[in-house]
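So you know, we letter chains A, B, ... as the sequences are listed, proteins then strands, and number each from 1.
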Number of protein chains: 2
Amino acid sequence: MQNVVNERNGINVEQLMGTIDAVKKEPEIADFEFRAKTDWLGGGHVRTTIQNFYGAKEENTSRTTPIIMEGDEPPVLLGENHGANAVEAILHALASCLTVGFIYNAAAREINVESLSFDMKGKIDLHAFLGLSDKKRPGYENIDVKYKVKADAPREKLVELCDYVQKTSPVLDMLRNPVKVNIRME
Amino acid sequence: MQNVVNERNGINVEQLMGTIDAVKKEPEIADFEFRAKTDWLGGGHVRTTIQNFYGAKEENTSRTTPIIMEGDEPPVLLGENHGANAVEAILHALASCLTVGFIYNAAAREINVESLSFDMKGKIDLHAFLGLSDKKRPGYENIDVKYKVKADAPREKLVELCDYVQKTSPVLDMLRNPVKVNIRME
């Protein structure tokens with residue numbers, strides 16, 4: 001008998017189902033702690049280093065080299081375009097999260113996805129950031145997400161999957177609902 | 001007379017003050033729209049392309065080449081580590097935002113910053129993401145931010161600045177307070 005990997009959408013479906021079963025038996029497998037270290041490089045330029053994390057009951061060292069993310073502002077906001085700015089990074093994080101949710105759950109539902117892409121827009125009024133208003137919010141007034149998908153399932157199944165992903169997406173949850181953020185200076 | 005640029009912390013302070021004055025006179029200068037396009041590359045791997053945006057009353061084309069951000073999951077979460085995952089990208093976005101807020105406002109307050117770095121941690125329980133709980137939230141239960149700063153100001157001034165930045169940070173606002181996110185399938 002051949003050892004065939006049941007892969008769909010680039011996802012090992014057996015591993016996915018195995019993970020879900022394992023978490024049902026041992027809930028603490030689902031406890032993760034992610035980490036990042038960010039250094040200021042001058043002006044609006046930052047570099048974030050991401051490598052290890054804790055999850056599935058152990059320190060995870062699968063990344064042999066650190067993952068680097070850079071951020072900066074454009075010149076109109078006094079930076080030098082070394083990277084996307086913080087609110088653009090939010091759009092990336094959101095689309096990345098919705099993608100993973102859609103693709104993994106499509107695999108579990110035996111839907112083959114051919115292509116998937118997101119167009120994101122965020123409207124922001126910089127009065128609060130510039131210290132010129134304490135009535136306007138500092139963040140996006142709203143975020144618009146338009147997504148395009150090609151898959152071997154009828155549209156209503158895809159819409160249903162989209163709705164499901166909205167209930168389970170970590171980043172979408174953190175945008176739509178308040179997150180506790182503790183900040184302290186060393 | 002020499003044309004000396006009044007630079008502090010890598011920020012052109014005259015440009016910063018000029019921007020604030022301009023926004024006071026013409027509020028619509030502060031209306032920005034940021035954008036991102038994210039494509040699924042297979043499995044948990046995504047690539048986000050970021051380039052133009054609207055701001056300061058015009059389409060901004062200062063980025064001659066697009067900025068690319070990649071995302072992926074680690075193998076324990078069925079990916080291949082092509083990039084940081086979505087919730088790690090959130091930590092980067094938050095630290096990037098707090099850095100810009102701190103550095104720009106320090107420049108405005110005539111504080112010279114020698115170094116600034118952030119250690120970020122986010123605790124998450126993956127039950128909701130895996131579809132195993134509708135009681136636990138999908139996102140981080142909490143985010144811890146520890147920051148280290150060296151600057152030519154007494155600690156109380158730096159703590160006061162840190163508090164001020166917390167009131168004006170776009171990303172922190174979007175984590176602590178709900179954001180309206182509209183999602184639709186094309």
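Annotation: side chain of Met185(A) is in contact with side chain of Leu158(B) (closest heavy-atom distance under 4.5 Å). At a threshold of 4.5 Å between non-hydrogen side-chain atoms, the residues Ile124(B) and Pro170(A) count as touching. Taking the side chain as every heavy atom from C-beta outward, Asn9(A) and Trp40(B) approach each other to under 4.5 Å.
The choice from Gly10(B), Gly79(B), Ser133(B), Ala107(B) that makes the most heavy-atom pairs within less than 4.5 Å of chain A is Gly10(B). Each of Ser115(B), Ala86(B), Ala89(B) has some count of heavy-atom pairs under 4.5 Å with chain A, and the biggest count is that of Ala86(B). Between chain B and the options Lys123(A), Lys146(A), Lys24(A), the largest number of non-hydrogen pairs under 4.5 Å is found for Lys146(A). Taking Thr48(A), Leu78(A), Thr49(A) one by one and counting their heavy-atom pairs under 4.5 Å with chain B, the maximum is reached by Leu78(A). Per-residue heavy-atom pair counts under 4.5 Å with chain A were compared for Ile143(B), Val113(B), Val23(B), and the maximum is reached by Ile143(B). Between chain B and the residues Phe118(A), Phe34(A), Tyr164(A), the most heavy-atom pairs under 4.5 angstrom are made by Phe34(A). Taking Gly43(A), Gly42(A), Cys97(A), Ala93(A) one by one and counting their heavy-atom pairs under 4.5 Å with chain B, the maximum is reached by Gly43(A). Most heavy-atom pairs under 4.5 Å with chain B: of the set Asp125(A), Ile103(A), Val76(A), this distinction falls to Ile103(A). No other option in Gln51(B), Arg47(B), Glu70(B), Glu141(B) has as many heavy-atom pairs under 4.5 Å with chain A as Glu70(B). When Ala108(A), Gly101(A), Ala56(A), Pro75(A) are compared by the number of non-hydrogen pairs under 4.5 Å with chain B, Pro75(A) comes out ahead. If you tally non-hydrogen atom pairs under 4.5 Å between each of Glu73(B), Gln15(B), Arg8(B) and chain A, the highest count goes to Gln15(B). Looking only at heavy-atom pairs under 4.5 Å with chain A, the residue among Ala95(B), Pro138(B), Cys162(B) that has the most is Pro138(B).
For residues 74-99 of chain B, the salt bridge (charged side-chain N to carboxylate O under 4.0 Å, His left out) pairs, not counting sequence neighbours, are Arg63(A)-Glu88(B). Applying the ring-ring contact (aromatic ring centres under 6.0 Å, His included) test to every pair with at least one member in residues 121-140 of chain B, sequence neighbours left out, gives no pairs at all.
Using a 4.5 Å cut-off between heavy atoms, Ile50(A) touches chain B through its side chain atoms alone. Contacts between Val165(A) and chain B at a heavy-atom distance below 4.5 Å are absent for every atom of the residue. Leu94(B) touches chain A through its side chain: at least one heavy atom from C-beta onward sits under 4.5 Å away, while N, CA, C and O do not. The part of Leu98(A) that comes within reach of chain B is its side chain, from C-beta onward, which places non-hydrogen atoms under 4.5 angstrom from that chain. Only the side chain of Val149(A) comes within less than 4.5 Å of a heavy atom of chain B; its backbone N, CA, C and O stay farther away. The part of Ser169(A) that comes within reach of chain B is its backbone (N, CA, C, O), which places non-hydrogen atoms under 4.5 angstrom from that chain. Using a 4.5 Å cut-off between heavy atoms, Glu58(A) does not touch chain B at all. For a residue to count as touching a neighbouring chain, one of its non-hydrogen atoms must lie under 4.5 Å from one of that chain's; by this rule Asn85(A) touches chain B with backbone and side chain alike. Neither the backbone nor the side chain of Ile68(A) comes within less than 4.5 Å of any heavy atom of chain B. Residue Val46(A) touches chain B through its side chain alone, counting heavy-atom pairs closer than 4.5 Å. Neither the backbone nor the side chain of Tyr54(A) comes within contact range of chain B; no heavy atom of the residue lies under 4.5 Å from a heavy atom of that chain. Heavy atoms of Lys136(A) lying under 4.5 Å from chain B are absent altogether. When heavy atoms are compared at a cutoff of 4.5 Å, Leu132(A) approaches chain B solely by way of its side chain, counted from C-beta outward.
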Candidate pair Leu77(B) and Phe32(A), rule side-chain contact (heavy atoms from CB on, under 4.5 Å), full reasoning: CA-CA 11 Å; Leu77(B) 296 172; Phe32(A) 277 64; 3.9 Å; yes
side-chain contact (heavy atoms from CB on, under 4.5 Å) assessment of Asn142(B) paired with Val181(A): CA-CA 6 Å; Asn142(B) 61 68; Val181(A) 183; over 6 Å; no
Pair Ile90(B)-Ile90(A), side-chain contact (heavy atoms from CB on, under 4.5 Å): steps then yes or no: CA-CA 6 Å; Ile90(B) 286 289; Ile90(A) 286 289; 3.7 Å; yes
Verdict with reasoning, Val171(A) to Val87(B), per side-chain contact (heavy atoms from CB on, under 4.5 Å): CA-CA 6 Å; Val171(A) 171; Val87(B) 295; 4.2 Å; yes
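Interatomic distance, CG of Asp39(A) versus NZ of Lys148(B), reported as 9.5 Å (0.5 Å rounding). Interatomic distance, Arg35(A) CZ to Leu91(B) CG, rounded to the nearest 0.5 Å: 11.0 Å. Taken from OG1 in Thr168(A) to CG in Leu130(B), the straight-line distance is 9.0 Å, to the nearest 0.5 Å. The line from CD1 of Ile183(A) to CG of Asp144(B) is 10.0 Å long, rounded to the nearest 0.5 Å. Distance check, rounded to the nearest 0.5 Å: CZ of Arg176(A) to NZ of Lys180(B) gives 10.5 Å. Atom CG of Asn81(B) sits about 5.5 Å away from atom CD1 of Ile67(A), to the nearest 0.5 Å.
No donor-acceptor distance shorter than 3.5 angstrom exists from the side chain of Asp173(B) to the backbone of Arg137(A), with no hydrogens or angles considered.
The two atoms that bring Pro74(A) and Phe53(B) nearest to each other are CG-CZ, 3.4 Å, heavy atoms only.
Between Lys37(A) and Asp119(B), no side-chain nitrogen of the basic residue sits less than 4.0 Å from a carboxylate oxygen of the acidic one, so the salt-bridge criterion is not met.
Put simply, Ile20(A) and Tyr104(A) are part of the same group of oily side chains (I, L, V, M, F, W, Y) that touch within less than 4.5 Å, one to the next. Met69(A) and Met120(B) fall into different hydrophobic clusters, where Ile, Leu, Val, Met, Phe, Trp and Tyr side chains are chained together by heavy-atom contacts under 4.5 Å.
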